[in-house]
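One structure is given below, encoded as structure tokens.
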Amino acid sequence: MLDGLDPEQREVATALQGPVCVLAGAGTGKTRAITHRIAYGVRAGILHPGSVLAVTFTNRAAGEMRGRLRQLGAGGVQARTFHSAALRQLQYFWPKAVGGELPRLVERKIQLVAEAGARCRVRLDRNELRDVTSEIEWAKVTQTVPADYPAAVAKSLRDAPRDPAEISQIYATYEELKRDRGVIDFEDVLLLTVGVLQDRHDIAEQIRSQYQHFVVDEYQDVSPLQQRLLELWLGDRDNLCVVGDASQTIYSFTGATPDHLLNFRTRHPNATVVKLVRDYRSTPQVVHLANGLLGQARGRAAEHRLELVSQREPGPDPHYTEYADEPAEAEGTARRIRDLIASGISAGEIAVLYRINAQSEIYEQALADAGVPYQLRGAERFFERPEVREAGVALRGAARAGGNDSLLDDAVDLPSQVRAVLGTKGWTSQPPAGSGAVRDRWESLAALVRLAEDFARAKTGATLSDLVAELDERAAAQHAPTVEGVTLASLHAAKGLEWDAVFLVGLTEGMMPITYAKTDEQVEEERRLLYVGVTRARVHLTLSWSLSRAPGGRPSRRPSRFLNGLRPGSAGLGARSTAGGGTAGVERGPARKRTRRGPVLCRVCGKTLTEAGEMKLMRCEDCPSDMDEGLYERLRDWRSGQAGRLGQPPYCVFTDKTLMAIAEAVPSTGGELAVISGVGARKLDRFGTDVLAICAGQEVVGDGEEGS
């Protein structure tokens, strides 16, 4: 049971009595250490499986722990989330403690919050509902009653989504509604369990007699309410093992606090403290950057930071790239990803991580354009988000109405028309205060406004109808079904995951740290968020930023302050070299290519083309087509086969517009095929032989084999 553990992990596994605090850095094998600890205690006869309760924070983590314990021969151990363990106890003891059946659990409280708002004469849209609901959840896990909510918000320097007095009133009404209807919510499960254990000492003793030993993973994320429940489970005993890393506290907005981890030695002076610092996940180069990032941190968590030591062979230096603008950054990232995949790294082992979900759209587009499959984690695709769909409907309606829409009376150009329409959907020239669903919605609408500004610059005289067509084309490309692909995720959603290659993008002031991080502690949490992102990478790590939002924009942005002294050429770096012995340079990525080839003319009527789709076809959409329909269908069938063999969506081979252009041009040589928009040198080399054979009327057999 102890074979294969390093000395520190072995110390954890054999420390089976009294309080134990395991300070475990990223990638140091903490789950391995604590599961082997439990299994070793069971196999040695020191721990009885049914007397151990292991608690973590997600069902996924609890399931993984149960699976490992089963493999190690300790299948009888309970591994649950706080809520799952509390609900089980509450259901069992409720008839004895209160009488009758436990009230029905409301899994989604948002409808009740909406009703509470209406009773308080406060109108809340869907996003405001989500934010107010989150505030109620925060108040409950911090054990704040409705009357105390305004004072608690002020003390915590929390940005409330609405007037705190208003939220306090909604919170109180929400609690009344629950009582009237005899229902409880998710947070009540913990509150009621705490209440039962405090009031009924006989029940508390019964639980304590069953569970003699407790293990708590991710202890830096416990809320005050969870800590209170843990103390009641323990009673006056101290057989408790906690595992955590204060440098990975990134959920304070939900009530999580590292204070319980940092104060563990104060509460338990005789505790055994073990530090796990051997990093088995990341190369020395990645670990060096992670250590440097925390080396600049301030505050209590920083004072307890762990200096990681990589156990892996050296790898490439972290790659720093500065781009002229956001589209160039997205396209440059997509090119690098394509190169990594070509070198043999699986697309599923690559991730692009960003600060907020609204940043995903430009990377979805860039990867689709590069023919790289992708999947989103923890968020909907940009064009599937409710606010983006609603905005699309509104823009389409305004485009159909044309000059008859009074909304557009004062809008003189396309961007101002879009701002006017989206203003009815919640967009404002200034972002809302704080974070949350309202801010997320605003960011998505702001991304559409920026897209309209870029589109208007690229196409003189563009109309609202032109923009709607462009949005439809983008949505079609991004909504194609995907298989195993590159992961796109926010930094928060990436916690607990790892990849061979990680791209940290958009690392500019205002985004990292985020603009609404005002206090020192909020800024330090942003630094920890970046640290979590860095430590997701096993081998390849790329950090990038752009100097302006749009091509040709003023280069006024600055790289994140967190990279100062770490990225080459920044203040404080001096002659510091990376762990691998070399000094990484900051690459200047190319600006977005804006090739000028002169006007593209319709090959039917001679008119100058400006639409991307028309330019790909080399004719106006409404000009008669001479497309060979049979050839087009054969090309589509061939594309489906290729996509299946490659494990990619069909659009990654060729888009419908490119196939139409091929079926109209019927190229007979590689040169004729190469000039068709959407083909290019890479796809010509990969698919050219097949396509030319199909155009020549030959049957393509298998993958690249030709027959007559």
Under the side chain to side chain contact (heavy atoms under 4.5 Å, CB included) criterion, do Glu364 and Tyr374 qualify, and how do the steps go? CA-CA 7 Å; Glu364 293 178 57; Tyr374 64 86; 3.5 Å; yes
Walk me through whether Leu566 and Leu289 qualify under side chain to side chain contact (heavy atoms under 4.5 Å, CB included). CA-CA 7 Å; Leu566 299 173; Leu289 176 58; 4.0 Å; yes
Take Glu498 and Arg281, measure what salt bridge (Lys or Arg N to Asp or Glu O under 4.0 Å) needs, and give me the verdict at the end. CA-CA 8 Å; Glu498 58 186 77; Arg281 175 187 300 159; 3.1 Å; yes
Go through the steps to decide whether Arg538 and Thr283 satisfy the test side chain to side chain contact (heavy atoms under 4.5 Å, CB included), and finish with yes or no. CA-CA 6 Å; Arg538 297 191 192 107; Thr283 63; over 6 Å; no
Is there a side chain to side chain contact (heavy atoms under 4.5 Å, CB included) between Leu353 and Trp499? Walk through the geometry before answering. CA-CA 11 Å; Leu353 307 181; Trp499 295 270; 4.3 Å; yes
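Of the possible polar contacts, none joining the Lys495 side chain to the Val532 backbone as a donor-acceptor pair under 3.5 Å is found. Between the side chain of Ser560 and the backbone N or O of Met512 there is at least one donor-acceptor pair closer than 3.5 Å. Although no hydrogens or angles enter the test, the distance criterion places a donor-acceptor pair under 3.5 Å between the side chain of Glu672 and the main chain of Ser668. With hydrogens and angles disregarded, no donor-acceptor distance shorter than 3.5 Å links the side chain of Ser544 to the backbone of Thr333. Judged by distance alone, with hydrogens and angles left aside, the side-chain atoms of Gln285 form a donor-acceptor pair with the main-chain N or O of Gly315 at under 3.5 Å. Using modelled atom types, no side-chain atom of Glu633 and backbone atom of Glu629 make a donor-acceptor pair closer than 3.5 Å. Using a distance-only test at 3.5 Å, with no hydrogens or angles considered, a donor-acceptor pair links the side chain of Arg536 to the main chain of Leu497. Using a distance-only test at 3.5 Å, with no hydrogens or angles considered, a donor-acceptor pair links the side chain of Ser282 to the main chain of Ala537. Between the side chain of Thr515 and the main chain of Met511, no donor-acceptor pair closer than 3.5 Å is present. Side-chain N or O atoms of Thr658 include none that pairs as donor or acceptor with a backbone N or O of Phe654 at under 3.5 Å.
Taking 4.5 Å as the limit, every side-chain heavy atom of Val502 sits out of range of all side-chain heavy atoms of Thr542. At least one side-chain heavy atom of Ile662 sits less than 4.5 Å from a side-chain heavy atom of Cys695. Using a 4.5 Å heavy-atom threshold, the side chains of Phe503 and Ile350 count as touching. The closest side-chain heavy-atom distance from His540 to His319 is not below 4.5 Å.
Arg557 and Ser548 form no side-chain donor-acceptor contact under 3.5 Å, judged by distance and modelled atom types alone. For Trp545 and Glu329, the side-chain atoms include no donor-acceptor pair closer than 3.5 Å.
Trp638 and Phe687 have perpendicular rings, their planes meeting at more than 60° on a 0 to 90° scale where under 30° would count as parallel.
Counting non-hydrogen atoms of neighbouring residues, nucleotides and ligands closer than 6.0 angstrom, the CG atom of Asp637 exceeds 12 such neighbours.
In this structure, the separation between CG on Leu507 and CZ on Arg567 is 10.5 Å, given to the nearest 0.5 Å.
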